[in-house]
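Below: the structure, in structure tokens.
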Number of protein chains: 2
Amino acid sequence: MRHRRIPEATVARLPLYLQALVTASDQGTETISSGGLARASGVNSAIVRKDLSHLGAFGTRGVGYRVDELVDEVSEVLGLSQDRAVVIVGIGNLGRALAAYDGFDRRGFRIVGLLDADRSKHGSELEGRVIEPVDQLEQIVRERSVTIAVLATPAEHAQQVADRLVAAGITGLLNFAPVHLDCPDHVSVRNVDLSTELQILSFYEQLAAAEPSPGAASTG
Amino acid sequence: MRHRRIPEATVARLPLYLQALVTASDQGTETISSGGLARASGVNSAIVRKDLSHLGAFGTRGVGYRVDELVDEVSEVLGLSQDRAVVIVGIGNLGRALAAYDGFDRRGFRIVGLLDADRSKHGSELEGRVIEPVDQLEQIVRERSVTIAVLATPAEHAQQVADRLVAAGITGLLNFAPVHLDCPDHVSVRNVDLSTELQILSFYEQLAAAEPSPGAASTG
DNA sequence: CTTTGTGAAATCCTTCACAGCG
DNA sequence: CGCTGTGAAGGATTTCACAAAG
């Protein structure tokens, strides 16, 4: 079943598989079965097989999948072979933590700009990069071929910054501000909201106070 | 259709509605239609109506929903009326940012402990709280009635810390470490992983390089 | 005339179960 | 034998569309 139209649910799981696969590879494991990968990723083994069949990865019956081969295959499908220029807008507590996060480079995401509206922050260094004025957003996005932006501004400015980013040509947006962003269809938006997650946990806590075991897991 | 068995997908959207509702309330809006709430939350209006019908909230036909009433109703269902004690384990860059995040208190999540394994951090202050040794995890969880833990440790320690938290009685876990945590069914786990989100964005970027508009949105 | 609440249809996702290959 | 790959069944979620209420 080679090729395209990979279901959204599958796409959301590929990064989890990749994590497990890289770990397995680091430990010297050469092959892994759908059951093994399933256990390591917290899903059902039939799902693993179906997901992998969507990308045409062929395992060996009676054996499993070659770890290295799968790492390559999944990376390829996720587009991790080419590297992508990323800007972070909003260098508060969270923005600072994100700038320091080493998971960016490790998978081909190159941070090429740290922008903030606060004049007093301009010019100061962070992780070897200078903080630049958000006024220059458009030039920076164009000149540095930025395709993905991380939004860590206060909620009240998020939409207008998003509009400018989109107008400047960004097509992927990772939004940490606790607001819904209205963006054109050609832009992919992923939202990460602490307070949303806590509230979901709260709901299941509340349930457990009466009934037996629920449980919940989410997009990483 | 009063009461229980609220679908998981609905639960995941309630915090979004709440956000939109609080914003509307702050602006003095008294009633809101399913369409209005849908636009503000980025979903379809039929979904809003079905979701709200699950919690038995009654709107007024021809008018919509009373904003204040809905805020109360949704908060109640999410269990936000009682406040919950939270610990953050792992006070690195991310942990520090989380400790400073003001969204915790605003909805009844009280941070009652900041724990780290690094001896040199113990005793230092952060946001008015002292950083304590992770060795005391069990006592802290029990004595301060902690039910939710935020895990911001390095990936390699996450599972063992999770095991200890669970053993100590935690039932909700917000995991920022990029690993799958194996926890008993009675514990709810939500994963937040930057690198996963970036990879999902990367996939859709890659698609757009050939075809027309996809798009993706996620649990906040 | 507007907007809710909801059955019924459509779509998407997961799980089962097994044929068939190595 | 063990394990993949996949049709078919089973669930869950979303969307449609409309009757009924204010």
Protein-nucleotide distance (B:Arg13, atom CZ; D:dA12, atom C1'), rounded to Å: 11 Å
From CG of B:Leu52 across to C1' of C:dT6 the rounded distance in Å is 14 Å
The side chain of B:Lys50 lies closest to which of these nucleotides: D:dT13, C:dC13, D:dT14? D:dT14
Does any donor atom in the side chain of B:Glu197 or A:Asn191 lie under 3.5 Å from an acceptor atom in the other side chain? no
Closest to the B:Arg61 side chain: D:dT15, D:dA21, D:dT6? D:dA21
Between D:dT13 atom C1' and B:Arg5 atom CZ, what is the distance in whole Å? 16 Å
Looking only at heavy atoms, which two atoms of B:Val77 and A:Gln206 are closest? And how far apart? O-NE2, 3.3 Å
Give the rounded distance in Å between these two atoms: CD of A:Glu8 and C1' of C:dC13. 11 Å
Can you confirm whether the side chains of A:Thr31 and A:Arg66 place a donor and an acceptor under 3.5 Å from each other? no
Give the nucleotide from the list C:dG22, D:dT14, D:dC18 with an atom nearest to the side chain of B:Ala9. D:dT14
How far does the helix from C:dC1-D:dG22 to C:dG22-D:dC1 bend, going by the axes of its first and last five pairs, to the nearest 10°? 10°
Short of 4.0 Å, heavy atom to strand atom, which residues of residues 32-46 of chain A count as contacting DNA chain D? A:Ser33, A:Ser34
What is the distance, rounded to the nearest whole Å, between atom CG of A:Leu55 and atom C1' of D:dT4? 14 Å
Considering only D:dG22, C:dC18, C:dT6, which nucleotide approaches the side chain of B:Arg49 most closely? C:dT6
Under the side chain to side chain donor-acceptor pair (under 3.5 Å) test, which residues partner A:Arg84, sequence neighbours left out? B:Ser202
Here the distance between atom P of C:dC12 and atom CD1 of A:Ile47, to the nearest Å, is 16 Å
Can you tell me how far C1' of C:dG5 sits from CG of B:Asp51, to the nearest Å? 13 Å
Between the side chains of A:Tyr17 and A:Asp51, does any donor sit under 3.5 Å from an acceptor? yes
Backbone N/O of A:Leu37 and side chain of A:Ser41: donor-acceptor pair under 3.5 Å: yes
Rounded to whole Å, CG of A:Leu70 lies from C1' of D:dC3 at a distance of 14 Å
Considering only heavy atoms from C-beta outward, does the side chain of B:Val141 approach that of B:Leu137 to under 4.5 Å? yes
Any sub-3.5 Å donor-acceptor pair from A:Thr60's side-chain atoms to A:Val63's backbone N or O? no
